[in-house]
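All values derive from a computational prediction rather than experimental measurement. Indexing begins at 1, ligand by ligand and atom by atom, following the structure's order.
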Amino acid sequence: MTDPKNWKPETRAAQALGWVDQETGAIVPPLHTATTYEREADLTYPRGPIYTRADNPTYRQPEELMASLEGGAKALLFSSGMAAVASAFQALNAGDHVVAPSAGYYGVRHWLSEHGARSGLSTDFVEPGDISALRAAVIPGKTKAVWIETPANPVWTITDIRAAADIAHEAGAWLGVDNTVPTPVLTQPIEFGADVVMHSATKYLGGHGDVLAGVLVLREQGELADRIEAIRHDAGAVLGPFESWLLLRGMRTLFLRVNTASINAERVAAFLKDHPAVERVLYPGLPDFPGHDVAARQMSGGFGGMLSVCLAGGQEAAVGAAARLKVFKRATSLGGVESLVEHRASIEGPDTPTPENLLRLSVGIESADDLVADWEQALDGV
Ligand code: PLP
């Protein structure tokens, strides 16, 4: 019981692995703002840190905690979720082939099409959740990375992580999973065969809408982990120490927040699905949602705080309902303590596959009664 490694994940998160400062007894780590560290007279660095682009003591706890919660060998913090995504793909070589989802967080598609293509990566985009399409898209020996996001933003399509991992590994590729939405509270992709787990830590991990950050967790130490760490060091997409400190503070309450958001989302989904103004509700927790069975297998303890609602009256009804919401704030991003609503099609642009009548909800930790009442009054006007 004394070894924090044996504690339940809730305890590891709440106590940030049980760290206590040996010198002062402080139970909250200090913020190391130093960019450079003293060498010994013999020019060595026996205390570890050299320069903050390589490492910063403030990273250690959030990185160790993330590796521990995801069941990985190593975690690396980045200056944003997209910096983490880009660093993973930059570890590939020109000429390598990638398979990634045709829907899901649009920044990943955009990065691969624009910047990945320019640096010599070729990418095939496949329908998220379609395992046969994924199998058909990989090219054994040439495909070096398969990327999935589950549930996938913003229609929450579920992909079977184990099946995707088997396909990737047979082809000689690593599997990367964007685990931003479920968080390790609900899904640990490494358990199902993932090699790289990515988070926009800006979302649930930070949890309070005040940190931009990203994390990669690697299943094992080795060439891929070393390459990614070198890219972070050489290109400098490191997290600032204050952001790192805020991230750790947020992660201490991760379980409470994700569990409450999940319970609230279930309440909101249950209310919306029976409302006459609603065409359909997209939420993996609903028993008739396609992929619900796979979600139930790989998500434990809930289906998360994210859902989308398509209104029967089309785009106008959707935008009108969003305008009348009072508790839900109209804003992008997700995974904070406060509930947010967003008309995704208008921010994703003309090529978006997202339906025009869809509103994406990031359900927060407020009273579920207030959240349901807010939707009740907003839909009254439809
Ligand atoms: N992945 C998902 C699922 C996201 O929602 C986001 C941001 O919205 C990202 C990746 C990118 O993360 P960041 O904005 O921290 O760069």
Q: Verify the distance criterion only: is there a donor paired with an acceptor across the side chains of Thr143 and His97 at less than 3.5 Å?
A: yes
Q.
The criterion is side chain to side chain contact (heavy atoms under 4.5 Å, CB included); which residues satisfy it with Ala67, sequence neighbours excluded?
A. Ala75
Q: Return yes when atom CD1 of Ile27 has more than 12 non-hydrogen atoms of other residues, nucleotides or ligands closer than 6.0 Å, and no otherwise.
A: no
List, for ligand 1, each N/O atom that has a protein N/O partner under 3.5 Å away, with both atom names and the distance.
from: ligand 1; atom 1: 1 (N); to: Asp178; atom 2: OD2; distance (Å): 2.6
from: ligand 1; atom 1: 5 (O); to: Asn153; atom 2: ND2; distance (Å): 3.4
from: ligand 1; atom 1: 8 (O); to: Lys203; atom 2: NZ; distance (Å): 2.8
from: ligand 1; atom 1: 12 (O); to: Ser200; atom 2: OG; distance (Å): 3.0
from: ligand 1; atom 1: 15 (O); to: Gly81; atom 2: N; distance (Å): 2.9
from: ligand 1; atom 1: 15 (O); to: Ser200; atom 2: OG; distance (Å): 2.8
from: ligand 1; atom 1: 15 (O); to: Thr202; atom 2: OG1; distance (Å): 2.7
from: ligand 1; atom 1: 16 (O); to: Gly81; atom 2: N; distance (Å): 3.1
from: ligand 1; atom 1: 16 (O); to: Met82; atom 2: N; distance (Å): 2.8

(Q) For Gly250, is there any backbone N or O sitting under 3.5 Å from a side-chain donor or acceptor partner on Arg257? (A) yes
Q. Under 3.5 Å, is there a donor-acceptor pair between the side chain of Arg252 and the main chain of Ala14?
A. yes
(Q) Taking side-chain contact (heavy atoms from CB on, under 4.5 Å) as the criterion, tell me which of Leu334, Thr354, Val341 meets it with Arg360. (A) Leu334
